[in-house]
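This report concerns only the one structure given below.
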Amino acid sequence: QVDLVESGGGSVQAGGSLRLSCVADGYRFCMAWFRQAPGKEREGVARLADGDIPIYAESVKGRFTISRDNAKNTLYLQMDSLKPEDSALYYCAARNTGCFSWYVTDFYDWGQGTQVNVSS
């Protein structure tokens with residue numbers, strides 16, 4: 001069963017912005033965004049435990065903002081000042097307990113991904 005559904009991906013020029021959304025079927029304590037480019041490993045982008053401070057990958061600090069609306073069971077990723085190297089399939093992921101790392105196998109629920117393409 002697919003519990004998370006991403007949306008908001010698209011194609012933009014370098015310097016542009018996108019906002020990704022992830023709708024869950026219920027509350028999750030830890031929610032995160034990952035991305036995977038062709039030929040590369042899946043990498044963590046940002047994660048947010050309920051009531052805690054957001055954690056970002058060094059490569060996106062100052063440009064991306066993760067937030068959540070628990071009333072709507074929705075996670076967001078505001079992406080500004082996009083770069084070509086941000087191009088990837090972006091996945092929403094979640095787990096019910098713990099929020100200590102981006103180790104892929106620690107996350108229980110995954111969406112199908114939304115494509116982001118940034119051209120130069």
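This is a predicted model, so every value here is computed, not measured. Residue numbers run from 1 in the order of the sequence given. All heavy atoms count here, side chains included; hydrogens, waters and symmetry mates do not.
- Taking CG of N73 as the start and CE of M31 as the end, the distance is 8.0 Å to the nearest 0.5 Å.
- Residues K72 and V23 form no side-chain contact, since every pair of their non-hydrogen atoms from C-beta on lies 4.5 Å or further apart.
- For F29 against C99, the heavy-atom pair with the smallest separation is CE2-CB, 4.4 Å.
- In this structure the side chain of W110 never reaches within 4.5 angstrom of the side chain of D3, judged on heavy atoms.
- Donor-acceptor pairing under 3.5 Å is lacking for the side chains of D69 and T74.
- Heavy-atom contacts from other residues, nucleotides or ligands closer than 6.0 Å to OH of Y108 number 12 or fewer.
- Contact between K40 and Q36 at its shortest, heavy atoms only, is O-NE2, 3.1 Å.
- E6 places no side-chain N or O within donor-acceptor distance of the main-chain N or O of Y91, the cut-off being under 3.5 Å.
- Within the 4.5 Å cutoff, the side chain of S17 has no heavy atoms near those of the M79 side chain.
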Could you go through L75 and R68, starting from their C-alpha distance and side-chain angles, then the distance that decides it, and tell me whether this counts as side chain to side chain contact (heavy atoms under 4.5 Å, CB included)?
CA-CA 4 Å; L75 180 74; R68 58 191 292 167; 4.1 Å; yes

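- Looking at every heavy atom in both residues, D106 comes nearest to S101 through OD2-OG, 3.6 Å.
- N96 has its side chain out of reach of Y27: every pair of non-hydrogen atoms, C-beta onward, lies at least 4.5 Å apart.
- Residues passing the side chain to side chain donor-acceptor pair (under 3.5 Å) test with R95: none are found, sequence neighbours excluded.
- Smallest separation of non-hydrogen atoms from S120 and P84: CB-CG, 3.9 Å.
- A search for side chain to side chain donor-acceptor pair (under 3.5 Å) contacts involving Q115 returns nothing, not counting sequence neighbours.
- No side-chain donor-acceptor contact under 3.5 Å links S87 to the backbone of N117.
- Within the 4.5 Å cutoff, the side chain of E43 has no heavy atoms near those of the F34 side chain.
- Figure legend: R42 and W33 shown without cation-pi pairing, the cationic atom not lying both under 6.0 angstrom from the six-membered ring centre and within 45 degrees of its axis.
- One N or O on the side chain of Y56 and one on the backbone of I66 form a donor-acceptor pair closer than 3.5 Å.
- Screening L18, L89, L77, L20 against T114 for a side chain to side chain contact (heavy atoms under 4.5 Å, CB included) leaves a single residue, L20.
- Going from atom CZ of F107 over to atom SG of C92 covers 9.5 Å, rounded to the nearest 0.5 Å.
- Under the 3.5 Å distance criterion, the side-chain polar atoms of R47 are matched with a main-chain donor or acceptor of F100.
- Taking the side chain as every heavy atom from C-beta outward, Y76 and T65 never approach each other to under 4.5 Å.
- A donor-acceptor contact under 3.5 angstrom links the side chains of N70 and D50, judged on distance only.
- Residues V45 and R35 have side chains in contact (heavy-atom distance under 4.5 Å, counting atoms from C-beta outward).
- Within the 3.5 Å criterion, the main-chain N or O of S81 finds a donor-acceptor partner in the side chain of R63.
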